[in-house]
Amino acid sequence: MKKEISLSSLIIIGLASAVATAIFFSPLQMSAVAGPASLVSWIVAILFYITISITYIELSQTYPEAGGPSRYSIYSHGSVTNLINAMADLLWYLFIPPIEAFATIEGLDYVFPSLLNLRGFPTLEGAIIGVILMFGYIPFNYYGVKTFSKVTSSFGTIKYIIYILPAFLLLVSFFDVRNLTSYGFIPFGVSGIFAAMPYAMFAFGGARVIPDFAEEVKKRSYLVYALIATVIGEGIVYLLFDFTFLTNLNWTKLGLIPGEWSSLNSLVGNPFIVLASHLHSGPGEVALILLLIGGIIGPFLTGYVYMGGGARVLLASARSGFLHEKFKALHSKYAIPYWGLIVFAVIGALIAFLFAPVPSIYGLIDDATVAGYIGFSTNPVAMMVLRKQGVTKWKIKGGSVVSPIAFAASSLIVFWSGWPAVPYSVIILAGITAILGFLGKVKEGLKESLWYVGYIAFLTFMTYIGSDGALNLIPYLQATLLTVILSLALFYPLGIYQGLKERNYLYHNEVFEHKD
């Protein structure tokens with residue numbers, strides 16, 4: 001693949017993909033379950049994702065491949081673990097573009113109110129628009145990574161200005177600091193802070209597209225700086241928007257009882273557009289216009305970036321032998337995985353159309369978050385196994401401490417996503433993995449995958465018996481503590497122990513030798 005992405009372009013690609021739907025929708029959902037303590041959830045999420053990004057940094061320096069996060073575990077544990085891991089990653093990617101399309105529809109609904117019904121779900125017209133948007137993502141990826149990075153850099157910079165300016169305009173138009181304290185800063189207790197975490201971690205998950213483009217960066221070291229800049233940049237913006245949302249709530253104008261945080265779920269449409277639409281001052285009107293533009297264009301940009309990342313995940317899966325050889329094919333002129341791009345768009349369009357009447361945007365976020373962090377959980381373990389194999393080319397200082405923290409973080413995000421999001425995602429993941437495993441006769445590394453299968457089953461069981469599960473047998477905080485303890489005491493060391501003892505050249509040579 002052509003190495004044509006500069007450092008500045010890579011940073012903007014990371015920020016453009018990371019800051020989109022979540023900036024508008026996560027503050028509402030997090031405030032509905034945590035109140036003003038959602039600010040604490042964001043801070044914890046920043047700390048969690050710093051550890052996660054560190055594992056991406058180290059692994060991407062050793063294996064700078066397209067769709068790399070969906071390949072690392074094949075070097076550490078073999079094909080079976082990697083198949084499960086790659087399919088979990090793929091589910092994350094398949095859900096994100098439709099989510100972004102739905103977010104664009106939420107913005108368009110302010111101008112064309114026939115796109116959403118009274119419950120906030122897309123109507124038939126809205127679903128059709130969603131399909132059109134999915135296919136509209138293709139041209140931005142098709143004409144090569146150089147064009148992709150230039151367009152994304154330009155639009156990404158404009159997008160950030162359009163996003164950040166309205167936040168300050170809203171604060172100028174209406175500011176009620178009483179919302180932070182008058183109704184209790186932690187109205188739902190510590191469990192509310194934890195319940196809000198999956199929506200924050202969904203927001204940060206966009207940073208993982210950076211290592212997906214690792215094969216196309218001009219210098220491998222750019223991955224390090226881009227990941228750090230993206231996580232810090234998006235963290236600051238998310239905190240700003242959450243603070244703005246909390247202090248901009250005019251309960252009376254929204255028709256809500258002051259302090260009834262859970263009633264925020266009754267708001268239909270883009271929450272920040274709803275807030276701005278109730279402001280009639282000069283700054284408020286300007287904020288509304290910018291939010292309408294940002295709410296329509298911003299998610300579109302993220303959608304096509306994720307489609308590009310998803311096409312590279314399909315490429316990585318084909319390189320691992322899980323998909324047809326055609327998915328490894330690169331365009332003769334533009335050097336992009338065009339088969340993956342087209343198939344990804346078709347599947348995404350089907351999801352956008354068929355799922356439109358069923359879930360709200362928050363339901364898709366739950367499912368995507370579960371799949372994404374089940375997929376991620378192999379990375380900290382793979383990092384330690386590859387160190388033991390002696391193949392790691394670039395080690396993060398303190399990696400042996402960061403790795404278990406990152407693993408615990410991924411375990412908790414899955415657990416906190418709750419019932420029924422966890423079983424939904426696991427059932428879909430199991431079905432796809434079983435079909436591809438059977439068709440491809442994937443058996444290599446079966447013994448080395450037992451820890452991962454057991455780990456996924458354990459997380460599903462914990463959400464089933466936890467306080468927000470089907471049985472409600474264990475209180476929330478105790479179930480959270482039990483999840484952390486067993487994840488770190490059993491599955492983390494077992495995953496390292498079951499890792500391959502040496503580089504598995506017999507099955508999986510590196511895709512290429514990357515030279516800066």
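Since the structure is predicted, the reported quantities are computational estimates derived from the model, not experimental observations.
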Could I get the full list of ring pair (Phe, Tyr, Trp, His ring centres under 6.0 Å) partners for Tyr72, not counting sequence neighbours? none

Only pairs at least two apart or in different chains count here, so list each side-chain hydrogen bond (donor to acceptor under 3.5 Å, both in side chains) that has a residue in residues 131-144. Tyr142-His331

Any chance the side chains of Thr55 and Asn379 put a donor and an acceptor closer than 3.5 Å? no

Gap between atom CD1 of Ile12 and atom OG of Ser154 - 0.5 Å precision: 8.0 Å

Which atom names give the shortest non-hydrogen contact between Ser449 and Val80, and what distance separates them? OG-CG1, 3.3 Å

Phe135 CZ: over 12 foreign heavy atoms closer than 6.0 Å: yes

Would you find more than 12 non-hydrogen atoms of other residues, nucleotides or ligands less than 6.0 Å from Tyr424 atom OH? no

Determine whether a donor-acceptor pair (N or O, by modelled atom type, separation under 3.5 Å) exists between the side chain of Glu4 and the backbone of Val145. no

Just checking, is any N or O donor in the side chain of Thr62 or Thr392 under 3.5 Å from an acceptor N or O on the other one? no

Do any N or O atoms from the side chain of Ser9 and from the backbone of Ile5 form a donor-acceptor pair under 3.5 angstrom? no

Verify, without hydrogens or angle tests, whether Thr51 (side chain) and Phe48 (backbone) share a donor-acceptor contact under 3.5 angstrom. yes

With sequence neighbours left out, write down each residue that passes ring pair (Phe, Tyr, Trp, His ring centres under 6.0 Å) with Tyr56, or none if nothing qualifies. Phe376

Among residues at least two apart in sequence or on other chains, which ones pass ring pair (Phe, Tyr, Trp, His ring centres under 6.0 Å) with Phe213? Phe148

Are the side chain of Ser41 and the backbone of Met197 linked by a donor-acceptor contact shorter than 3.5 Å? no

Residues two or more places apart in sequence or in another chain: which of them pass salt bridge (Lys or Arg N to Asp or Glu O under 4.0 Å) with Asp242? none

Applying salt bridge (charged side-chain N to carboxylate O under 4.0 Å, His left out), which residue pairs with at least one partner in residues 74-91 are found, sequence neighbours left out? Asp89-Arg208

Salt bridge (charged side-chain N to carboxylate O under 4.0 Å, His left out): pairs with one or both residues in residues 72-81, sequence neighbours excluded: none

Restricting to salt bridge (Lys or Arg N to Asp or Glu O under 4.0 Å), what partner residues turn up for Lys146, sequence neighbours left out? none

Main chain of Met1, side chain of Glu216: is a donor-acceptor contact present, judged purely on distance under 3.5 Å? no

Nearest-0.5 Å distance, CD1 of residue Ile432 to CG of residue Leu90: 6.5 Å

Distance-only side-chain donor-acceptor flag, Thr152 / Tyr304, under 3.5 Å: yes

Kindly assign one of parallel, tilted or perpendicular to the pair Tyr93 and Tyr306, based on the angle between their ring planes and the thresholds 30° and 60°. tilted

Do the charged groups of Arg312 and Glu215 touch, with an N to O distance under 4.0 Å? no

Heavy-atom check, side chain of Leu291 versus side chain of Tyr110, under 4.5 Å: no

Working note: Thr123 + Asn117, criterion side chain to side chain donor-acceptor pair (under 3.5 Å); need CA distance, chi angles, decisive distance, verdict. CA-CA 6 Å; Thr123 60; Asn117 60 27; over 6 Å; no

Look at the side chain of Ser53 and the backbone N and O of Ile50, then say whether any donor-acceptor pair between them is shorter than 3.5 Å. yes

Listed partners of Glu234 passing salt bridge (Lys or Arg N to Asp or Glu O under 4.0 Å), at least two apart: none

Which pairs with one or both residues in residues 121-144 pass salt bridge (charged side-chain N to carboxylate O under 4.0 Å, His left out), sequence neighbours excluded? none

Hey, could you give me the CG/CD distance between Leu116 and Glu106, rounded to the nearest 0.5 Å? 5.0 Å

Taking Ile23's backbone N and O only, do any of them form a donor-acceptor pair with Ser26's side chain (distance below 3.5 Å, no angle check)? no

Among residues at least two apart in sequence or on other chains, which ones pass ring pair (Phe, Tyr, Trp, His ring centres under 6.0 Å) with Phe272? Phe241, Phe245

Tell me if the centroids of the rings in Phe300 and Phe155 come within less than 6.0 Å of each other. no

Is the distance between the ring centroids of Trp42 and Tyr49 less than 6.0 Å? no

Could you walk me through whether Trp92 and Phe202 pass the ring pair (Phe, Tyr, Trp, His ring centres under 6.0 Å) test, one step at a time? CA-CA 10 Å; Trp92 163 270; Phe202 166 78; 5.8 Å; yes

What pairs with Thr244 under side-chain hydrogen bond (donor to acceptor under 3.5 Å, both in side chains), at least two apart in sequence or on another chain? none

